[in-house]
Amino acid sequence: MKFRCISPTLHGVADYSAGIGLILAPFLLGLGGTNNLALWISVITGTAVLVVSALTDYKLGALRTIPFQGHLTIDLAVAIVFMIVPFALGFQGLDAHYYWVNAAVVFTVVSLSATKEEL
């Protein structure tokens with residue numbers, strides 16, 4: 001049974017959706033109640049997600065300079081940062097939960113994503 005069921009193309013769709021979501025969601029949810037950085041870290045990360053996605057070597061990449069495995073490593077690093085940042089910056093309530101939920105989603109997507117060789 002294959003556990004890695006997210007193809008690079010489907011991962012790309014998730015990337016671009018996540019990038020847009022990370023830019024828009026903080027404004028829609030009113031993040032920044034405990035620390036204004038809660039809003040801006042998400043916006044900056046969302047922008048970076050869009051850039052990295054455009055540079056990734058998968059079907060939806062524009063320049064295809066970052067290998068997909070490298071992209072997954074970047075995603076893993078983002079998930080770890082999202083787990084730590086609420087503690088490091090004193091986020092509470094919605095600000096903290098927003099990052100923890102996003103970290104869990106990114107961890108899950110990375111763990112279920114298959115490289116071309118694994119498909």
Looking at side-chain heavy atoms only, is the closest gap between V43 and P26 below 4.5 Å?
yes
Hphob cluster co-occupancy, Y16 + L72, side-chain heavy atoms under 4.5 angstrom:
yes
Short question: side chain of R64, backbone of L55 - any donor-acceptor pair under 3.5 Å?
no
Do V85 and L94 share a hydrophobic cluster (ILVMFWY, side-chain heavy atoms under 4.5 Å, transitive)?
yes
Determine, using the 4.5 Å side-chain heavy-atom cutoff (strictly less than), whether L10 and V52 are members of one ILVMFWY cluster.
no
Holding to salt bridge (Lys or Arg N to Asp or Glu O under 4.0 Å), I want the full list of residues that pass it with R4, two or more places apart in sequence or in another chain.
E118
Indicate whether any N or O donor in one side chain lies under 3.5 Å from an N or O acceptor in the other, for S42 and Y98.
yes
Ring centers of H11, F68 separated by less than 6.0 Å:
yes
What I'd like to find out is whether the side chain of D75 reaches to under 4.5 Å of the side chain of F107, using heavy atoms alone.
no
Do L37 and L22 belong together in a cluster built from hydrophobic side chains that touch within less than 4.5 Å?
yes
Does S53 reach the side chain of H71, with side-chain heavy atoms less than 4.5 Å apart?
yes
Who else is in the cluster with V106 when I, L, V, M, F, W and Y are joined by side-chain contacts under 4.5 Å?
V110
Do L39 and D95 come within less than 4.5 Å of each other through their side chains, counting heavy atoms only?
no
So do the side chains of K116 and D57 get within less than 4.5 Å of each other, counting heavy atoms only?
yes
Is the F87 to W100 ring centre distance short of 6.0 Å?
yes
What orientation do Y99 and F91 show, parallel under 30°, tilted 30 to 60°, or perpendicular over 60°?
tilted
Between K59 and P8, is there a side-chain heavy-atom distance shorter than 4.5 Å?
no
